[in-house]
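None of the values given here were measured: they were computed from a predicted structure. Starting from 1, each residue takes its place in the sequence as its number. Worth knowing before you read on, the calculation uses all heavy atoms, side chains too, and leaves out hydrogens, waters and symmetry mates.
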Amino acid sequence: MTHAVSTWVSTPTPRVSHHFGFLRRLLETRLAGAGLVISAIVVLCALAAPLLAPYDPNEQDYLALRDPPSAAHVLGTDDIGRDVLSRIIFGSRVSLEVGLFAVAIAIAVGVSLGLVAGYAGGLADDVIMRIVDAVQAFPNLVLALAITAALGPSIANAMIAIGFVGTPGIARLTRGQTLSVREREFVAAARVCGATPLVIMRLHIWPNVTAPIVVQATLLMGTAIVTEAALSFLGVGVQPPTPSWGAMLRTGSQYLEVAPWIGMASGAAIFLTVLAFNFVGDGLRRALDPRLASRRRQ
């Protein structure tokens, strides 16, 4: 009895070993590991911005206008004397907030539409996918710009616009995955047992289509950050004095010859953050795709 208990305690549960195996496969790609590190740094800056920022991001020092990087201001100051490093750190909050909420909107709406279109088929599929095709026909930035301009420039409206723009891709992906799953034996068995379409989609189809959607959501996070920066650069996104990487890039573009550090710092922050999420998304794709995993083992 004692031996059986000790054996049970020392043996990891399948769920735990599965999680460790997934993390191991994810970290096998060096770029994915680098992406996780950079993403963790950005998240840490967003969560602990008041502790990490050396200055108030909106504090103006008119004696230090466009000062170059120095010991007092590591990344220099902007055109009205605000510390660039502090605004970069606080700007990570805006980028992650907009990205997370926009991706959440895209997943909530896109997954719902894709599940219904893929499982129901027929007229419902035709109507939903034609609407999705019509939305996807517009360039993403132009459509987001039009929605934000119509609703008014603000963080909340930027989230709605970016989430709406990202919905068609999630909907099409979910529909494609649903079409490949709905004819499998376990779905047919659930249908024979009297399960309703809503129960089948929620309990049997959705858990089996999550892997590619998680990968797409990670990649969409980087796209959302770039789109938010573009909207702020154009003046219809985050409004001053709230720190935003896109708004800082717009300011920096006016002083490239005399104070290039203003634009370079925000541009580097956007580039590294988006690149990190793309690396993580690629690592997730490799870790969740059994065909790629078996190819690595060979």
What do you reckon, is [atom1] of [X] surrounded by more than 12 foreign heavy atoms closer than 6.0 Å?
X	atom1	answer
Phe186	CZ	yes
Glu185	CD	no
Tyr55	OH	yes

Check the pair Ile38 / Phe277 against side-chain contact (heavy atoms from CB on, under 4.5 Å), numbers first and verdict last. CA-CA 9 Å; Ile38 298 174; Phe277 280 109; over 6 Å; no
What heavy-atom pair brings [X] and [Y] nearest, and what distance separates the two atoms?
X	Y	result
Gly163	Ala106	O-CB, 3.5 Å
Val74	Pro69	O-CB, 3.1 Å
Val181	Val209	CG2-CG1, 4.0 Å
Pro243	Pro57	CG-CB, 3.8 Å
Leu219	Gly281	CD2-CA, 3.9 Å
Ala124	Ala120	CB-CB, 4.2 Å

Check which hydrophobic residues are tied to Leu256 through side-chain heavy-atom contacts below 4.5 Å, counting indirect links as well, and list them. none
Leu203: hydrophobic cluster co-members (side-chain, 4.5 Å):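 Same cluster as Leu203: Val199.
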When rounded to the nearest 0.5 angstrom, what is the spacing between [atom1] in [X] and [atom2] in [Y]?
X	Y	atom1	atom2	result
Ile147	Ile162	CD1	CD1	10.0 Å
Thr218	Phe279	OG1	CZ	14.5 Å
Asp125	Leu179	CG	CG	6.5 Å
Gln216	Thr223	CD	OG1	8.0 Å
Ile270	Glu228	CD1	CD	7.5 Å
His73	Arg66	NE2	CZ	14.0 Å

Should Gln254 and Asp79 be marked as a side-chain contact (heavy atoms from CB on, under 4.5 Å) after you check the CA-CA gap, both sets of side-chain angles, and the distance that decides it? CA-CA 10 Å; Gln254 304 172 8; Asp79 57 324; 5.7 Å; no
Residues that Arg191 engages under side-chain contact (heavy atoms from CB on, under 4.5 Å), provided they are two or more places apart: Tyr119, Val187, Ala188, Ile200
Between [X] and [Y], is there shared hydrophobic-cluster membership here, with clusters defined by ILVMFWY side-chain heavy atoms closer than 4.5 Å?
X	Y	result
Val236	Ile155	yes
Val214	Leu36	yes
Ile88	Val226	yes
Leu198	Ile205	no
Val274	Val37	no

Can you find a side-chain donor-acceptor pair between Asn208 and Arg184 that sits under 3.5 Å?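 The criterion, which ignores hydrogens and geometry beyond distance, is not satisfied for Arg184 and Asn208.
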Can Glu257 and Tyr255 be counted as having a side-chain donor-acceptor contact under 3.5 angstrom?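 There is no such pair (donor and acceptor under 3.5 Å, judged by atom type) between the side chains of Glu257 and Tyr255.
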Short question: side chain of [X], backbone of [Y] - any donor-acceptor pair under 3.5 Å?
X	Y	value
Trp261	Thr77	yes
Asp67	Gly76	no
Ser92	Ile89	yes
Ser244	Val238	no
Ser232	Ala229	no
Asp61	Gly81	no

Check ion pair Arg82-Asp56 (N to O, under 4.0 angstrom): no
For the residue pair Phe90 and Cys45, establish whether any side-chain heavy-atom pair is separated by less than 4.5 Å.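 Not in contact.
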Intermediate values then yes/no, side-chain contact (heavy atoms from CB on, under 4.5 Å), Trp206 and Ile213: CA-CA 10 Å; Trp206 165 241; Ile213 295 174; 3.5 Å; yes
All ring pair (Phe, Tyr, Trp, His ring centres under 6.0 Å) counterparts of His204, not counting sequence neighbours: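 His204 satisfies ring pair (Phe, Tyr, Trp, His ring centres under 6.0 Å) with no residue once adjacent residues are dropped.
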Taking salt bridge (Lys or Arg N to Asp or Glu O under 4.0 Å) as the test, write out the residues that go with Asp83, two or more places apart.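 Expected list: none.
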Mind checking salt bridge (Lys or Arg N to Asp or Glu O under 4.0 Å) for Asp133 and listing every partner two or more places apart, or none if nothing turns up? Arg130, Arg172
Scan Asn58, Thr242, Thr251 and name whichever one has a side-chain hydrogen bond (donor to acceptor under 3.5 Å, both in side chains) with Arg87. Asn58
Derivation of the side-chain contact (heavy atoms from CB on, under 4.5 Å) call for Val280 and Ser39: CA-CA 9 Å; Val280 173; Ser39 301; 4.1 Å; yes
